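Below: one structure, written as structure tokens.
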Amino acid sequence: YSEDVVKVSTYMLGQNTKPSINDVDDITITERQPAQLAPNGVINDKQLEQESSTKWYDVTLTISRKDGASADDTFHALAGGKVGSLTGGNSFTYEGVVVGKVITNSGGTLSIIFNDNATHDIVNGVLQNIGYTNVSHHPGDSVTLVYTVNDGNADTNGRQGLGGAMEGSTEQVISII
């Protein structure tokens, strides 16, 4: 007589937690000149980093002015950088691979959504290769941008745990000379 032992593995969904955006440092730029926004910026999400697929699809990143979007704020891919054109309504690339779509890039708001080609490293690479220009002839001393990341957890029992989509944000002061 022999007993077969069957190993049963269960996966329990925990509570989804907010993603975070770190190392988006305040910067000083020259009026009407392009600048790199977040050369050291990092987006983290505990559940996505633990997923075996490491795919960051449906994650969105939005950047706009704190006190309301301004058409004076323009966002673009860095010249010679790893990100392709950030044209509203179109796909965008990272190192030549399509990794998402630009939801909007107008009126002072950039909003992008990542596809299933996006990994943690790619999401951070995109963040680090976004440029900014304030096109105003009289911009004031500074503007504050808000970066918001939504983890794309589609429903209350989504792939990242219970609780639906979560957002994290950070602010960046841009001094203008």
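Heavy atoms only: backbone and side chains are in, while hydrogens, waters and symmetry mates are out. Because the structure is predicted, anything quoted here is derived from the model rather than measured.
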Checklist outcome for this item: Taken in chain and number order and not counting sequence neighbours, the residues that satisfy side-chain hydrogen bond (donor to acceptor under 3.5 Å, both in side chains) with S111 are T62

Next on the checklist: For residues 122-148, which residue pairs pass the ring-ring contact (aromatic ring centres under 6.0 Å, His included) check, not counting sequence neighbours?
Outcome noted: F75-Y132

Checklist entry - So if you build clusters from Ile, Leu, Val, Met, Phe, Trp, Tyr with side-chain heavy-atom gaps below 4.5 Å, do I27 and V143 land together? => result yes

Item to check | Gap separating the CG atom of D26 from the CD atom of Q172, nearest 0.5 angstrom | outcome: 6.5 Å

Checklist outcome for this item: Residues I176 and P139: closest non-hydrogen pair is CG2-CG, 3.6 Å

Checklist outcome for this item: For T104 and S106, the nearest pair of non-hydrogen atoms, with its separation, is OG1-OG, 3.5 Å

Item to check | Close side-chain approach of R32 to N134, heavy-atom, < 4.5 Å | outcome: no

Checklist outcome for this item: Rounding to 0.5 Å, atoms CG (L162) and CG (N16) come to a distance of 8.5 Å

Item to check | All pairs passing ring-ring contact (aromatic ring centres under 6.0 Å, His included) where residues 14-38 contributes a residue, at least two apart | outcome: none

Item to check | ILVMFWY cluster membership beyond I113 - transitive side-chain contacts under 4.5 angstrom | outcome: I103

Checklist entry - How would you list, by chain and number, every residue that makes a salt bridge (Lys or Arg N to Asp or Glu O under 4.0 Å) with E31, sequence neighbours excluded? => result none

Item to check | Q47 to Q15 - nearest heavy-atom pair and separation | outcome: NE2-O, 3.4 Å

Item to check | Any side-chain heavy-atom pair of V83 and I130 under 4.5 Å | outcome: no

Item to check | V149 side chain reached by T60 side chain, heavy atoms, under 4.5 Å | outcome: no

Checklist entry - Which residues satisfy the salt bridge (Lys or Arg N to Asp or Glu O under 4.0 Å) test with K18, sequence neighbours excluded? => result none

Checklist entry - Closest heavy-atom contact between L78 and G131? => result CD2-CA, 3.6 Å

Checklist outcome for this item: Hits for salt bridge (Lys or Arg N to Asp or Glu O under 4.0 Å) against D73, two or more places apart or cross-chain, chain-then-number order -> R65

Checklist outcome for this item: Separation between OG1 (T28) and CG (D141), nearest 0.5 Å, reads 11.0 Å

Checklist entry - With a 4.5 Å heavy-atom cut-off, do N115 and D58 have their side chains touching? => result no

Item to check | Set of residues satisfying side-chain hydrogen bond (donor to acceptor under 3.5 Å, both in side chains) with respect to T133, sequence neighbours excluded | outcome: H76

Checklist entry - Hey, does M166 have a side-chain heavy atom less than 4.5 Å from the side chain of N153? => result no

Checklist entry - Measuring from S169:OG to I21:CD1, what's the distance to the nearest 0.5 Å? => result 6.5 Å

Please set out all donor-acceptor pairs under 3.5 angstrom arising from side-chain atoms of residues 33-43, sequence neighbours excluded.
unit_1	atom_1	unit_2	atom_2	d
Q36	NE2	Q128	O	2.6

Item to check | Heavy-atom side-chain contact between L145 and I174 under 4.5 Å | outcome: yes

Would you tabulate the side-chain donor-acceptor contacts of residues 84-101 under 3.5 Å, counting partners in other chains and residues two or more places apart, or write 'none'?
unit_1	atom_1	unit_2	atom_2	d
S85	OG	T87	OG1	2.8
T93	OG1	G84	N	3.4

Next on the checklist: I need the minimum non-hydrogen distance between G164 and D151, along with the two atoms involved.
Outcome noted: O-OD1, 4.5 Å

Next on the checklist: Looking at every heavy atom in both S142 and S175, which two are closest together, and how far apart are they?
Outcome noted: CB-CA, 4.0 Å

Checklist entry - Side-chain contact, heavy-atom cut-off 4.5 Å: D45 with W56? => result yes

Item to check | Sequence neighbours excluded, every pair satisfying ring-ring contact (aromatic ring centres under 6.0 Å, His included) that has a member inside residues 23-50 | outcome: none

Checklist outcome for this item: Rounding to 0.5 Å, atoms CG (L48) and NE2 (H120) come to a distance of 8.5 Å

Checklist entry - For N22, which residues count as a side-chain hydrogen bond (donor to acceptor under 3.5 Å, both in side chains) partner, sequence neighbours excluded? => result S20

